[in-house]
Amino acid sequence: MGKFDLDDLLEDLGRTPSGQPLEPPTPDEPAAEDDAFVRNDPNETPRPPDISGEGLGNANTQIAPHNADPTRVKPDDALTAIYKPDAQDVPEGTDDFGRCLLERAIITTEQLATAQRVMKQSPGSRLPAILMDSGIDEVAVQQVVADFARLPFERIEEYDDQTLEKLGTEFCKAHLVMPLRTEGSRLVVGTVNADDVFRLDDVKRRLRIPSIKHVLVTAADIKAILEEIGEEQTPDVDVNEILADVSEHDVELVKDTAEEATMDEAESSPVVRYVNHIIQTALKEGASDIHVEPEEKSMKVRFRIDGVLFEMMNPPRAMHASLTSRLKIMANLDIAERRLPQDGRIRASVMGRQIDLRVSTIPTPKGEKTVLRILDNRSIRVPLDELGFSEDTLMIWKNQVRQPHGIILVTGPTGSGKTTTLYASLQQLDLRRLNVSTVEDPVEYNLEGITQLQTHDKIGMTFGVALRSLMRQDPDVIMLGEIRDMETATIAIQAAMTGHLVLSTLHTNDAPSSITRLINIGIEPFLVAGAVRSVLAQRLVRRMCEHCAEEVPVTDEISDFLIMHGITAETVRHPAGCAKCRETGYHGRAGLYEMLVLDDHLGDQVARNPSVTEFRRQCTERGMTTLRQDGFMKVAKGITTVEEVLRVTESTI
């Protein structure tokens, strides 16, 4: 807003700077004009007023003297205009929300214009979030948001600790939700977004309550409460009580006879027992990974169970350095190195079971984070019949694995069960009569009757070098951990064309994409068509818990998905949650499979180098069942839910 000189304004009002009435000019002396605002010569360049901010003033603003014509600025108008911004100072496209922020002096026009530019460059972002991220007072912005949404706005002074415990601090922290109190029959829940309808429905489902009163709060208040709870809970951890039934010898390291046992005598007994407790609990819960994560004032241990992470333990923050050092010693890593990532392996006997743990540490500003991948041979000894194949797909896959030569690919993202499928397939072969070899990075599971090679890029032992060496070992079946580059793909093609069966993996989204992926790597299309026999794409979904699954009516949204895939049903099985499944409603996992067999017709199409979209359409026309279609068939059988299928698959229609 342009600033007026106070003397000039008082002069317009007819008073002197001291507040006395201004004496009228004498007849001999004409009234003086303000040179700062009046252009005496029409041809002269106008002189702008003093502008130090936004508002009325601009380069052409002029105020006539008090004895000018009736169009001059009136005294009342001049005073009012001091507090009213010009329309030109409001950025174009400003909505009522932005104007309200300006009127309440919460933001300036420059801040609003900057936020609008950021919002245009960031699709899906919201103006309130952008403003708060830029440092605008969150309380003031949230108050305006609440007024526009016609919701109450509150600062959190108290909360419902019992309900918070039922919801879980992790849920509240992840979704910024806080149960505040109960008013009559309704629970008052605070969130930071005005449109958290689905989040409130999730809260009602978790707490099994009929109704909720929604209020708007600030994210800072929720985070402060949760941090305070974390600080209060951390000192209450009774390590001795947890470790009462855990012995130092429950987890025994299995070392090679050529290696000397290197144990730090300075390690305390509780630390050793706590690490044993973590590993034992992970095996009992069926976890595939263990995450040891430090925070600023706390520490948490999370397990990945059925593909989802769950917070299981909160040891004292003071134990972090000791736990990390213990794990490093077990993995034979350098405990003094805390600035670089390290990788190692632990071979141990836990509760009579021989397991391997692949250890990875990385430095973070809060301390070293450690992740352990549990490699249990029991997990790969699952027969093909129990992996979730449909009868037709299982019969086709078994026939493909028994082919005398060619390339068979298994594709999918990391953690989709490709290794388990390949190992289960190798177990179907007659290992007494066949020479089966593998090249892996790293060798995760040790298999009897199979020659396994591990790559070492630092010393030149790449996939290509290892594969060339295996070709001179009279192989019948070769399994490659992954086809990554043109060299590996070329040797695999040559091996398949010279009478060997090659099993390998690729990281692609579906089966048809694997063919175009090989072509993009650099393999000629006619070679791909002649060598590749079949491709199996797969995903993993969580199975519904058999103890708490219940029949519920089909909602309109789910009904549309079911009808789209040819399923008509009035009820579907839905997980309710119980103690045996940790209240999640799921226990165990099943595979979704997309089987592509290259017959002569599709082989001819591959030789013409088709696009992914065109080739996928041709495959479905030839009868290929997509991942999503296989998933909805499992929904119809009551194995999993629609939500799980939609979570891991994408529509290819």
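Along the sequence shown, residues are numbered consecutively beginning with 1. Side chains are part of it too, since the values below use all heavy atoms of this structure and drop only hydrogens, waters and symmetry mates. Since the model is a prediction, treat every value here as computed from it, not as a measurement.
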Looking at [Y] and [X], is there a salt bridge between them, counting it only when a charged N and a carboxylate O are closer than 4.0 Å?
X: R126; Y: D133; result: no
X: R181; Y: E154; result: yes
X: K634; Y: E644; result: no
X: D202; Y: R206; result: yes

L176 side chain reached by K223 side chain, heavy atoms, under 4.5 Å: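 Sidechains of L176 and K223: in contact.
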Looking at side-chain heavy atoms only, is the closest gap between L409 and L518 below 4.5 Å?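 They are in side-chain contact.
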Indicate yes or no for a side-chain donor-acceptor contact from Q142 to the backbone of L216 under 3.5 Å, with no hydrogens or angles considered.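 Such a contact is absent between Q142 side chain and L216 backbone.
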Tell me if a side-chain donor or acceptor on R628 pairs with a main-chain N or O of T649 at a distance below 3.5 Å.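 Yes.
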How would you list, by chain and number, every residue that makes a ring-ring contact (aromatic ring centres under 6.0 Å, His included) with [X], sequence neighbours excluded?
X: F463; answer: none
X: F310; answer: none
X: F153; answer: none

Could you list all the salt bridge (charged side-chain N to carboxylate O under 4.0 Å, His left out) pairs where at least one residue sits in residues 567-576, not counting sequence neighbours? E546-R573
Qualifying salt bridge (charged side-chain N to carboxylate O under 4.0 Å, His left out) pairs, either residue in residues 600-615, two or more places apart: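 Sorted pair list comes back empty.
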Pair H214, T191: side-chain N/O donor-acceptor within cut-off below 3.5 Å: yes
So, using side chain to side chain donor-acceptor pair (under 3.5 Å) as the criterion, who are the partners of N609 when residues are at least two apart?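 Here no residue qualifies.
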Give a yes or no on this: more than 12 heavy atoms of other residues, nucleotides or ligands lie within 6.0 Å of atom NZ of K398.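 Enclosed.
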Yes or no on side-chain contact (heavy atoms from CB on, under 4.5 Å) for R647 and E643, after CA distance, side-chain angles and deciding distance? CA-CA 6 Å; R647 179 177 67 89; E643 292 81 3; over 6 Å; no
Are R484 and D441 close enough, and set up right, to give a side-chain contact (heavy atoms from CB on, under 4.5 Å), and what steps lead you there? CA-CA 12 Å; R484 304 181 179 183; D441 180 25; 3.4 Å; yes
